[in-house]
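Quick caveat: nothing in here was measured; it's all calculated off a predicted structure. Any value given below was found using the heavy atoms of this structure, including those in side chains, with hydrogens, waters and symmetry copies removed.
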Amino acid sequence: QVQLVESGGDLVQPGESLRLSCVASGFTGNYFTVVWFRQAPGKEREGIACIGFDDGRVNYVDSVKGRFAVSRDIAKNTIYLEMSSLKPEDTGRYSCVAAGRPFRQCTLNADDYTYWGQGTQVTVSS
């Protein structure tokens, strides 16, 4: 049974940094792909960063390039989202989402993924 458990959400001020974690379990080996989705109030859900767990290849939406970094720790079965220079528009519920297979290049499209975590809330406000 696949499980994805996120943590690390918090209330922070603009310009600050935050690290989210997602512990993945239930996959066979390292051949799966993870994407972080963000759901902001009144906006559509948006895929913002993804990573192939086996090869570490990453992809980002333009709005977070240079500010966010996705990585993984294979020994801990954990995926991280390091967020810096946070803006109020980064506010939202961040969910860790996975597909049980690798991609040539991971996508930010929700249709390509199957397993969803519960999410963790990030609020950026002064």
Side-chain angles (χ1 to χ4, degrees):
Q1 180 180 357
V2 171
Q3 283 194 319
L4 301 164
V5 180
E6 305 96 331
S7 62
D10 205 348
L11 168 63
V12 297
Q13 295 191 346
E16 292 187 338
S17 299
L18 198 62
R19 186 177 80 165
L20 306 183
S21 300
C22 170
V23 179
S25 61
F27 291 104
T28 301
N30 295 327
Y31 297 103
F32 60 98
T33 305
V34 174
V35 59
W36 285 94
F37 274 88
R38 174 170 68 195
Q39 178 79 62
K43 295 185 178 180
E44 290 189 2
R45 182 178 59 201
E46 176 184 37
I48 58 172
C50 62
I51 186 168
F53 198 81
D54 60 331
D55 63 8
R57 294 186 67 182
V58 299
N59 191 19
Y60 299 94
V61 70
D62 287 346
S63 62
V64 307
K65 284 180 180 177
R67 299 190 299 122
F68 290 13
V70 60
S71 62
R72 89 286 195 223
D73 184 325
I74 292 177
K76 295 182 179 180
N77 258 21
T78 300
I79 301 88
Y80 302 101
L81 184 66
E82 301 268 3
M83 306 183 292
S84 61
S85 302
L86 282 162
K87 306 174 181 179
E89 51 264 43
D90 294 318
T91 294
R93 189 157 189 88
Y94 286 69
S95 296
C96 177
V97 184
R101 66 179 182 93
F103 293 85
R104 185 181 301 274
Q105 174 66 60
C106 65
T107 78
L108 303 176
N109 184 352
D111 292 340
D112 293 328
Y113 297 87
T114 304
Y115 307 102
W116 288 73
Q118 293 295 315
T120 186
Q121 180 66 33
V122 173
T123 303
V124 185
S125 176
S126 55

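Defined by atom type and a distance below 3.5 Å, a donor-acceptor pair is present between the side-chain atoms of D112 and T107. Using modelled atom types and a 3.5 Å distance limit, the side chains of Y94 and R38 yield a donor-acceptor pair.
Residues F68 and V61 form no side-chain contact, since every pair of their non-hydrogen atoms from C-beta on lies 4.5 Å or further apart. Counting only heavy atoms from C-beta outward, the side chains of S125 and P88 never approach each other to under 4.5 Å. Residues F53 and I74 meet the side-chain proximity criterion, which asks for heavy atoms closer than 4.5 Å. Proximity of C96 to W36: side-chain heavy atoms (C-beta onward) are separated by under 4.5 Å at one or more points. Two residues are said to be in side-chain contact when any heavy atoms from C-beta on lie closer than 4.5 Å; S7 and T120 fail this criterion. By the 4.5 Å heavy-atom criterion applied to side chains, E6 and L20 are not counted as neighbours. Looking only at side-chain heavy atoms (C-beta outward), Q105 and R57 come within less than 4.5 Å of each other. Residues I51 and I79 form a side-chain contact, since some pair of their non-hydrogen atoms from C-beta on lies under 4.5 Å apart.
Considering only residues two or more places apart in sequence or on other chains, R67 meets the salt bridge (charged side-chain N to carboxylate O under 4.0 Å, His left out) condition with D90.
In this pair, Y115 and F27 present their aromatic rings perpendicular. The plane angle is above 60°, beyond the 30 to 60° band.
Aromatic ring centroids of F103 and F32 lie 6.0 Å or more apart.
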Original post:
Under the side-chain contact (heavy atoms from CB on, under 4.5 Å) criterion, do M83 and V122 qualify, and how do the steps go?
Top reply: CA-CA 10 Å; M83 306 183 292; V122 173; 3.9 Å; yes
**OP:** Test side-chain contact (heavy atoms from CB on, under 4.5 Å) on D73 and Y80 and set out the steps.
**Re:** CA-CA 8 Å; D73 184 325; Y80 302 101; 3.8 Å; yes
**OP:** Take T33 and Y113 through the test side-chain contact (heavy atoms from CB on, under 4.5 Å) and record every step on the way to the result.
**Re:** CA-CA 8 Å; T33 305; Y113 297 87; 3.6 Å; yes
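At distances below 3.5 Å, not a single donor-acceptor pair connects side-chain atoms of T123 with backbone N or O atoms of T91.
Hydrophobic clustering, with ILVMFWY side chains joined whenever heavy atoms are under 4.5 angstrom apart, keeps L4 apart from V23.
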